[in-house]
Amino acid sequence: MSLFTTIETRLTEKEDQKAKADRIHRSIITLDSHTDTPLQLGRRGFDITKRNDPYNRGGKIDFPRMQEGSLDAVFFAVFIGQGDRNTEAYQKAGDRADQIFALVKETLSVNSNIASLALTADDVYKIKKQGKKAIYLGLENGYPLGLDPAMTEKYYKLGARYITLAHTRNNDICDSSTDPAGPEHNGLSEFGKQVVKEMNRLGMMIDVSHISDNSFYDVLKSSKAPVIASHSNARTLCSNPRNLTDEMLRALKKNGGVVQLCLLSAYVKNLPANPERVAAREVWNAKYGTFDQVPEEKRETAREEWQAINAKFPEKLAAVSDLADHLDHIVKMIGIDHVGIGSDFDGGGGLEDCFDVSQIGNITLELVRRGYNKKEIEKIWGGNFLRVFREVEKLAIN
């Protein structure tokens, strides 16, 4: 065989793989279990009905790019940063959550011909048949519950179908995996156990991303339903406390849950340091503290300055192949039935070759290259998550 023939054969094989991946991707239900797109909805200059530029403050998701990437369903996170823990602060956090829920619903009402609010696992199938996108809601950080487990039902009635129990710092429910102060409850608090029980009763998925290892194991002991890790990876491949150890993965399998792979590069690959970027961020932190602490009236300016740092000192990003390494590892550890995709778009998620939602087909292409078949890819892109969702619904006591 000549060199020309060999090259031509390889090109044909690549074209065949791309065509196969595209056929599979557009024929299955595709679901992303975690994005922070509601943070974009209230921002000046962002229009979810227009194709925005992800490299120029345009976010990672809008309806045109969802169509380009053939994403059928997405969880919009109602994210509330961790603040003080007193009556006034709980009220403020609850008010902020209410505003975001209302903003998302207003957006969907205005664009009812494009997208619909989804409330059950099977809603995505009905909504896709209507030629629309399914928008699910989750509450990221149980902080707005305050100290009242009955607040869980309020957020369920507002449409939230999971709660990420904590975020970057400890709250009254449990310890965070990244609180610099270290553990406070050494896992799930007594209040947290009440919250877990209430979520089980309602048929609300429990999200263990962001919580500490001890909290994770306490949740698995307390929950009567399988759980989700809405946006986490394998710690064996990337030693970040936000990721799950092999032991945790095995426990998740026993629980019947699912881990949804996150596209945030810091959770995908241990990348070389960028001193200039770190220094610029330290100046920003000295000025504003953390995003959680930025007052509402300064949030837009702070976000613009943060984006300017990203533009001036771009971070090195992991690649889809690196993410697929996590998937391979998890499949090897606990099987094909316990893994999915939770991008964390608009919350830091984005890879070199999957920077926004329009490029998610590149994940499917990599899976095809690695020998995953259509049935397996369908499980990864939503089937496994929806199985857990249905089981949680089934176990609800309503």
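Numbers here simply count residues along the sequence, with the first being 1. All heavy atoms count here, side chains included; hydrogens, waters and symmetry mates do not. Every value quoted in this text rests on a predicted model; they were computed, and no experiment measured them.
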Is the backbone N or O of Val268 less than 3.5 Å from a side-chain atom of His326, with the two atoms forming a donor-acceptor pair by type? yes
Decide side-chain contact (heavy atoms from CB on, under 4.5 Å) for Cys174 and Asp218; before the verdict, give the C-alpha distance in whole Å, the side-chain angles of both, and the deciding distance to 0.1 Å. CA-CA 9 Å; Cys174 66; Asp218 281 353; over 6 Å; no
With a 6.0 Å cut-off on ring centres, are His167 and Phe79 close enough? yes
Output, in order, the C-alpha distance, side-chain angles, deciding distance and verdict of side chain to side chain donor-acceptor pair (under 3.5 Å) for Asp95 and Gln91. CA-CA 6 Å; Asp95 291 345; Gln91 182 63 52; 2.8 Å; yes
Mind checking who shares a hydrophobic cluster with Leu386, ILVMFWY linked at side-chain heavy-atom distances under 4.5 Å? Ile29, Leu31, Phe75, Val124, Tyr125, Tyr136, Tyr162, Met205, Ile228, Val258, Phe385, Val388, Phe389, Val392
Would you say Asp32's side chain and Ser343's backbone share a donor-acceptor pair under 3.5 angstrom? yes
Sidechain-backbone polar pair: Glu366 side chain, Ala324 backbone, donor-acceptor under 3.5 Å: no
Can you list the steps and then say if Asp325 with Arg370 is a salt bridge (Lys or Arg N to Asp or Glu O under 4.0 Å)? CA-CA 10 Å; Asp325 289 343; Arg370 295 189 180 212; 2.9 Å; yes
Charged N to carboxylate O under 4.0 angstrom, Lys157 versus Glu153? yes
Side chain of Asp84, backbone of Ala89: donor and acceptor closer than 3.5 Å? no
Do Ser189 and Asp172 get their side chains close enough for a donor-acceptor pair, meaning under 3.5 Å? no
Is Glu247 salt-bridged to Arg250, cutoff N-O under 4.0 Å? no
If two hydrophobic side chains count as joined below 4.5 Å and joins carry through other members, does Tyr90 share a cluster with Ile173? yes
Rounded distance [0.5 Å steps], CD in Gln67 versus CG in Asp72: 9.0 Å
Which atoms form the tightest heavy-atom contact between Ser223 and Ala225, and what is the distance? OG-O, 2.7 Å
Using 4.0 Å as the upper bound for N to carboxylate O, is an ion pair formed by Glu352 and Lys269? no
Which residue pairs pass the ring-ring contact (aromatic ring centres under 6.0 Å, His included) test when at least one of the two sits in residues 347-367, sequence neighbours left out? Tyr55-Phe355
How about Asn362 and Asp353: does a side-chain donor come under 3.5 Å of a side-chain acceptor? no
Is there a side-chain contact (heavy atoms from CB on, under 4.5 Å) between Ile380 and Ile336 once you walk through the steps? CA-CA 8 Å; Ile380 293 163; Ile336 192 68; 3.9 Å; yes
Less than 3.5 Å apart, any donor N or O on the side chain of Asp356 or Ser358 sitting next to an acceptor on the other? yes
Distance from Asp344 atom CG to Ser33 atom OG, nearest 0.5 Å? 9.5 Å
Treating Ile, Leu, Val, Met, Phe, Trp and Tyr as nodes and any side-chain heavy-atom pair under 4.5 angstrom as an edge, say whether Val78 and Leu108 lie in one connected cluster. yes
Do you see a donor-acceptor pair shorter than 3.5 Å between the side chains of Asp123 and Thr120? yes
Please report the interatomic distance CG(Leu327) to CD1(Ile363), rounded to the nearest 0.5 Å. 9.5 Å
Are there more than 12 heavy atoms of other residues, nucleotides or ligands under 6.0 Å from atom CD of Glu106? no
Tell me every residue that passes side-chain hydrogen bond (donor to acceptor under 3.5 Å, both in side chains) with Asp346, counting only those two or more places apart in sequence or in another chain. Thr37
At what distance, to the nearest 0.5 angstrom, does SG of Cys238 lie from NE2 of His329? 12.0 Å
Looking at Arg57, is its backbone amide N or carbonyl O close enough to the side chain of Arg43 to form a donor-acceptor pair, meaning the two atoms are under 3.5 Å apart? yes
Could you give the distance from CG (Asn111) to NZ (Lys133), rounded to the nearest 0.5 Å? 13.5 Å
Between the side chain of His338 and the main-chain N/O of Gly257, is any donor-acceptor distance below 3.5 Å? yes
Side chain of Lys132, backbone of Ser112: donor and acceptor closer than 3.5 Å? yes
Can you tell me if Ser209 uses its side chain to pair, donor with acceptor, with the backbone of Ser230 under 3.5 Å? yes
So that I can tick it off, tell me whether Arg161 and Glu393 are bridged by a salt bridge, with the cut-off set at under 4.0 angstrom between side-chain N and carboxylate O. no
Are there over 12 heavy-atom neighbours, none belonging to Lys105, within less than 6.0 Å of that residue's NZ? yes
Check this for me: does any side-chain nitrogen of one of Glu276 and Lys312 sit under 4.0 Å from a carboxylate oxygen of the other? no
Whether the side chain of Arg387 engages the backbone of Gly256 through a donor-acceptor N/O pair (distance < 3.5 Å, no angle test) should be reported. yes
Point-to-point distance, once rounded to the nearest 0.5 Å, from CG of Leu165 to CG of Asp175: 11.5 Å
Does Lys379 pair with Glu376 as a salt bridge, N-O distance under 4.0 Å? no
Passing candidate, salt bridge (charged side-chain N to carboxylate O under 4.0 Å, His left out) with Asp47, options Arg44, Arg51, Lys50: Lys50
Charged N to carboxylate O under 4.0 angstrom, Lys193 versus Glu190? yes
Arg235 side chain to Asn243 main-chain N or O, any donor-acceptor pair under 3.5 Å? yes
I'd like to know if Asp122 and Lys126 make a salt bridge, using a cut-off of under 4.0 Å between side-chain N and carboxylate O. no
